[in-house]
Amino acid sequence: MEDRHAFRFSPTTLAVPLYFVLFLWIVFWFEAKYGYNFNRYGIYPRTLSGLRGLVLSPLIHSDIKHLYHNSIPLFVLFFSLLYFYRSIAFKVFVYGTLLTGLLTWIIARKSYHIGASGIIYLLFSFIFFSGVFRRNYRLIAVSLVVIFLYGSMVWYLLPVEERISWEGHLSGFVSGILFAYLFRRTGVQRHQYEWEKEDYEPDEFDRQFDREGNFMPGEDPEP
């Protein structure tokens, strides 16, 4: 049954994604202000030192254009995750980020992979497929909105541009599907009608319909 109170706004719902995006800008400002280059802290595939990028790479961006293009979808999708899936939001975000980084570390080219785009693909994929798996009409509507806003991102799951880490995008996308499936029975579910329940006993009117829903007055329906 759908929990009527599942979708409820709170200051945390807005503050967490806002502060996270703000922190990314502070990291970039610090790097630019004091002449640091944090790229070496990104994910470098199949090396022990490259594993630190599982945590640090989402915080690092190559330039202000890179950071700007990630900031808006990251805020919107993170906010949507917290609002519609708040009971599992932090598990999906934390574990999904780590899994995205690990998959990138395994499959990616020998290069430093940085940026929060892997998280964006994680959230995009999770929100879209969660609505599909749960078959809840409100969550399906959210899925449709997400695909309308960011559906074009699927092109960047392919190696269409050399400077873009399509491996990180693909890793986030796959991680989102996995977590959407694993958590499909947690939180808001599809509304279950009385006639769908195992203990449902049909009344006299319902007995006039056969198993395919055809109205058969005066006849005994098939068992």
Side-chain angles (χ1 to χ4, degrees), residues 17 20-21 23-25 27-28 31-32 36-81 92-133 142-183:
F20 183 73
V21 171
F23 182 69
L24 299 184
W25 281 90
V27 170
F28 181 79
E31 187 178 12
Y36 287 99
N37 186 341
F38 292 153
N39 287 7
R40 65 183 183 277
Y41 295 106
I43 296 171
Y44 198 85
R46 297 173 295 283
T47 64
L48 189 61
S49 62
L51 286 172
R52 62 191 176 187
L54 271 64
V55 175
L56 299 177
S57 64
L59 309 179
I60 307 165
H61 291 81
S62 57
D63 53 42
I64 196 167
K65 182 180 178 181
H66 185 200
L67 177 56
Y68 171 76
H69 285 304
N70 279 348
S71 295
I72 297 175
L74 180 60
F75 173 80
V76 172
L77 292 170
F78 198 2
F79 173 86
S80 300
L81 178 72
V92 171
F93 186 84
V94 174
Y95 297 148
T97 298
L98 293 176
L99 180 59
T100 297
L102 181 61
L103 292 177
T104 304
W105 183 83
I106 293 172
I107 70 172
R109 295 161 290 169
K110 287 287 188 177
S111 179
Y112 287 106
H113 296 258
I114 59 174
S117 54
I119 296 178
I120 293 171
Y121 277 82
L122 162 74
L123 300 179
F124 166 78
S125 177
F126 176 83
I127 293 170
F128 175 75
F129 285 101
S130 285
V132 173
F133 291 153
V142 175
S143 298
L144 294 175
V145 171
V146 166
I147 201 70
F148 174 76
L149 291 175
Y150 301 114
S152 62
M153 294 196 316
V154 297
W155 292 110
Y156 294 100
L157 297 173
L158 303 172
V160 294
E161 191 172 331
E162 186 176 356
R163 292 184 68 251
I164 294 177
S165 177
W166 65 270
E167 301 96 329
H169 297 173
L170 180 61
S171 297
F173 190 80
V174 171
S175 299
I177 297 174
L178 177 61
F179 279 96
Y181 181 79
L182 292 176
F183 288 114

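The first residue in the sequence is number 1, and the count goes up from there.
The backbone N or O of A108 sits less than 3.5 Å from a side-chain atom of R46, completing a donor-acceptor pair. The backbone N or O of I127 sits less than 3.5 Å from a side-chain atom of S143, completing a donor-acceptor pair.
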Worked check of side-chain contact (heavy atoms from CB on, under 4.5 Å) between S130 and F183: CA-CA 8 Å; S130 285; F183 288 114; over 6 Å; no

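Pairs passing the salt bridge (Lys or Arg N to Asp or Glu O under 4.0 Å) check and including a residue from residues 61-72, sequence neighbours excluded, do not occur.
Under the 4.5 Å side-chain criterion, counting only non-hydrogen atoms from C-beta, L74 is in contact with L123. With contacts defined as side-chain heavy-atom distances shorter than 4.5 Å, the pair S49/Y44 does not qualify. Using a 4.5 Å heavy-atom cutoff, the side chains of V174 and T100 are not in contact. By the 4.5 Å heavy-atom criterion applied to side chains, F179 and L99 are counted as neighbours. P17 has its side chain out of reach of V21: every pair of non-hydrogen atoms, C-beta onward, lies at least 4.5 Å apart. Counting heavy atoms from C-beta outward, L102 and L54 have side chains that approach closer than 4.5 Å.
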Cut-off 3.5 Å, no hydrogens considered: what does the side-chain donor-acceptor table look like for residues 146-162, sequence neighbours left out?
none

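The shortest non-hydrogen separation linking H61 to A116 is NE2-N, 3.3 Å. The two residues H169 and S117 come nearest to each other via the heavy atoms NE2-OG, 3.1 Å. Between V92 and L122, the shortest heavy-atom contact is O-CD2, 3.9 Å. What you find for L24 and P58 is that their closest heavy atoms are CD2-O, 3.6 Å. Across all their heavy atoms, G42 and I60 have their closest contact at N-CD1, 4.1 Å. Here the shortest heavy-atom pairing between S125 and G172 reads CB-O, 4.4 Å.
Ring pair Y121/F124 is perpendicular by interplanar angle, where above 60° counts as perpendicular and below 30° as parallel.
No more than 12 heavy atoms of other residues, nucleotides or ligands lie within 6.0 Å of CD1 in I64, so this atom counts as exposed by the packing criterion. The environment of CZ in F133 is crowded: more than 12 heavy-atom neighbours from other residues, nucleotides or ligands sit within 6.0 Å.
Note that CG of N70 and CD1 of I120 are 4.0 Å apart. Values are rounded to the nearest 0.5 Å. Rounding to the nearest 0.5 Å gives a distance of 10.5 Å between OG of S175 and CG of L182. Note that the NE2 atom of H113 and the CG atom of N39 stand 11.5 Å from one another [nearest 0.5 Å]. Taking CG of L178 as the reference point, atom CG of L103 lies at 9.0 Å (rounded to 0.5 Å).
By the side chain to side chain contact (heavy atoms under 4.5 Å, CB included) test, S62 is found to be paired with H66, I114, R163, residues two or more places apart in sequence or in another chain being considered. In this structure, the ring-ring contact (aromatic ring centres under 6.0 Å, His included) partners of F20, at least two apart in sequence or on a different chain, are F93. Taking T97 as the reference, nothing meets the side chain to side chain donor-acceptor pair (under 3.5 Å) condition, with sequence neighbours excluded. Partners of Y36 by side chain to side chain contact (heavy atoms under 4.5 Å, CB included), not counting sequence neighbours, listed by chain and number: F30, E31, Y34, F38.
The side chain to side chain contact (heavy atoms under 4.5 Å, CB included) test with I177 is passed by exactly one of F128, F126, F129: F129.
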